[in-house]
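Predicted model only: the values in this text are computed from it and were never measured.
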Amino acid sequence: MDAAEQKLSLVSEEDARQPLRPDGWSRKEILGHLVDSACINHVRIVFATTLDGYECPKYDQDAWVVLHGYAQVPWPAILDQWRARYTWMAEMVTNLPDAALDRQFTITGFPPTTIADWINDCLQHLDHHVHQIVTVPATT
């Protein structure tokens, strides 16, 4: 988290505003998507830990990004939310009992997964988008 935050904090407001590809999200919107993802996945993991046979809905990530208006939010404010959400989620994950890691849950339309596998997917998703934000040149 610290290394990612250092890299993300170097992104300028101007660079954060530019889409990474035509008709694609800007860095602001990608980081905002990660904020949304942390919120959704935090809740998914808690419910999957506490409810047998938990099935949760998919979410419309494009609609969430638009509804939150990330394109208009200052980069430092999104970065603050990103840090807070992932720190909070990481704390929750460290408190999971070992037995919970093998619990299965389902996201509507997808095969069942375990909490451990979902946590790994979340980390890969986070790494993918942070790498994208700090390395992919924006289109102008």
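- In this structure, CG on Asp15 lies 11.5 Å from NZ on Lys28, to the nearest 0.5 angstrom.
- When all heavy atoms of Pro57 and Arg44 are compared, the pair lying nearest together is O-NH2, 3.2 Å.
- With a 4.5 Å cut-off on side-chain heavy atoms, Tyr70 and Asp36 count as touching.
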Kindly determine whether Gln104 and Thr113 satisfy side chain to side chain donor-acceptor pair (under 3.5 Å), including the steps that lead there.
-> CA-CA 5 Å; Gln104 287 195 337; Thr113 188; over 6 Å; no
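- Counting heavy atoms from C-beta outward, Tyr86 and Val35 have side chains that stay 4.5 Å or more apart.
- The shortest non-hydrogen separation linking Gly24 to Pro19 is O-CB, 3.5 Å.
- Residue Ile133 holds its CD1 atom at 10.5 Å from CH2 of Trp25, rounded to the nearest 0.5 Å.
- Residues Ala48 and Tyr54 come closest through the heavy atom pair N-CD2, 3.8 Å.
- Residues Glu13 and Pro76 meet the side-chain proximity criterion, which asks for heavy atoms closer than 4.5 Å.
- Connection of Met1 to Val130 is established within a shared hydrophobic cluster, with ILVMFWY side chains joined at heavy-atom distances below 4.5 Å, either directly or through further cluster members.
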Does the pair Thr49 and Phe105 meet the rule for a side-chain contact (heavy atoms from CB on, under 4.5 Å), with working shown?
-> CA-CA 9 Å; Thr49 300; Phe105 71 101; over 6 Å; no
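- A donor-acceptor distance shorter than 3.5 angstrom exists from the side chain of Glu29 to the backbone of Ser26, with no hydrogens or angles considered.
- Counting heavy atoms from C-beta outward, Ile119 and Leu96 have side chains that approach closer than 4.5 Å.
- The minimum heavy-atom distance linking Ala77 with Val73 is given by the pair CB-CG1, 3.8 Å.
- By the rule that hydrophobic residues join a cluster once side-chain heavy atoms approach within less than 4.5 Å of another member, Trp82 and Trp88 end up as members of separate clusters.
- Put simply, Leu101 and Met89 are part of the same group of oily side chains (I, L, V, M, F, W, Y) that touch within less than 4.5 Å, one to the next.
- Atom CG of Asp98 is surrounded by 12 or fewer heavy atoms from other residues, nucleotides or ligands within 6.0 Å.
- Of all non-hydrogen atoms in Ala38 and Arg85, the two that sit nearest each other are CB-CB, 3.8 Å.
- For the side-chain hydrogen bond (donor to acceptor under 3.5 Å, both in side chains) test, no residue two or more places apart in sequence or in another chain qualifies with Gln72.
- Across Arg27 and Trp75, no two heavy atoms sit closer than the pair O-CZ3, 3.4 Å.
- Both Leu123 and Met92 sit in one connected hydrophobic cluster of ILVMFWY residues. Membership requires side-chain heavy atoms under 4.5 Å apart, directly or through other members.
- Leu51 and Ile40 are assigned to two separate hydrophobic clusters, defined by single-linkage of ILVMFWY side chains at heavy-atom distances under 4.5 Å.
- Here the straight-line distance linking atom SG of Cys39 with atom CD of Gln81 works out to 7.5 Å at 0.5 Å rounding.
- In this structure, the separation between NZ on Lys58 and OG1 on Thr108 is 7.5 Å, given to the nearest 0.5 Å.
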Could you please spell out the steps behind the side-chain contact (heavy atoms from CB on, under 4.5 Å) verdict for Cys56 and Phe47?
-> CA-CA 9 Å; Cys56 58; Phe47 277 130; over 6 Å; no
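- Under the ring-ring contact (aromatic ring centres under 6.0 Å, His included) criterion, Trp64 pairs with Tyr59, His68, not counting sequence neighbours.
- By the 4.5 Å heavy-atom criterion applied to side chains, Ile78 and Leu34 are not counted as neighbours.
- In this structure, the separation between CD1 on Ile30 and NE2 on His128 is 7.5 Å, given to the nearest 0.5 Å.
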Start with the C-alpha gap between Asp121 and Trp118, add the side-chain angles, then the distance that decides, and say whether side-chain contact (heavy atoms from CB on, under 4.5 Å) holds.
-> CA-CA 5 Å; Asp121 286 349; Trp118 193 251; 3.8 Å; yes
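- In this structure, Thr50 contributes its side chain and Val46 its backbone to a donor-acceptor pair below 3.5 Å.
- Within a 6.0 Å sphere centred on CG of Asn95, heavy atoms belonging to other residues, nucleotides or ligands number more than 12.
- With rounding to the nearest 0.5 Å, the separation of CG in Asn41 from CD1 in Ile115 is 11.5 Å.
- Between Arg103 and Asp52 a salt bridge is recorded (basic side-chain N to carboxylate O distance below 4.0 Å).
- For Gln6, the side chain to side chain contact (heavy atoms under 4.5 Å, CB included) criterion is met by no residue, not counting sequence neighbours.
- Here the side chains of Gln132 and Leu20 are in contact, with some heavy-atom distance below 4.5 Å.
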